[in-house]
Amino acid sequence: MTTTITLETHSWPTKIIMRDDFESECGTHKHHGVTEEIVPPNSKRTVHVCQSRTIEFVELPLPPSDAG
């Protein structure tokens, strides 16, 4: 089973942390790992979660304004 999640950011970025812990029933295929992605402000990202994946969302601080 798979669940689709759509993240829509606003004026700040958000970090997505995906942890995979998969092993096939016969034990011949294994995948363990962590993937991190920064989703920029004012954008969308679609991710998928299943029984072997956990996902964490972390709002990051507002980016500094260009005072230049």
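The first residue of the sequence shown is numbered 1, and numbering continues consecutively from there.
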List for me each residue that meets side chain to side chain donor-acceptor pair (under 3.5 Å) alongside [X], sequence neighbours excluded, and say none if there are none.
| X | result |
| --- | --- |
| H10 | none |
| T4 | H48 |
| E37 | R45 |

Inset, instruction - Name all residues meeting the salt bridge (Lys or Arg N to Asp or Glu O under 4.0 Å) criterion together with D21; count only those two or more places apart in sequence or in a different chain, and write none if there are none. - result: none

Legend entry - Counterpart residues, salt bridge (Lys or Arg N to Asp or Glu O under 4.0 Å), relative to E8 (two or more places apart): none

Inset, instruction - Find the distance between CZ (R53) and OG1 (T2) and round it off to the nearest 0.5 Å. - result: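 Reported value, rounded in 0.5 Å steps: 9.0 Å.
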
Please enumerate all residues that pass side-chain contact (heavy atoms from CB on, under 4.5 Å) together with [X], with sequence neighbours excluded.
| X | answer |
| --- | --- |
| E59 | W12, T14 |
| S43 | T9, V39, P40 |
| S52 | F22, C50 |

Legend entry - Within one Ile-Leu-Val-Met-Phe-Trp-Tyr cluster: I38 and V34, side-chain cutoff 4.5 Å: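 Yes, same cluster.
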
Inset, instruction - Establish whether I16 and I5 are linked, either directly or via other cluster members, by ILVMFWY side-chain heavy-atom contacts under 4.5 Å. - result: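 Yes.
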
Inset, instruction - Give the minimum heavy-atom separation between I17 and E36, together with the two atoms involved. - result: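 Between these two residues, the closest heavy atoms are CG1-CG, 4.0 Å.
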
Legend entry - Atom of P13, atom of P61 and distance for their closest heavy-atom approach: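 Heavy atoms of P13 and P61 come nearest at CD-O, 3.5 Å.
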
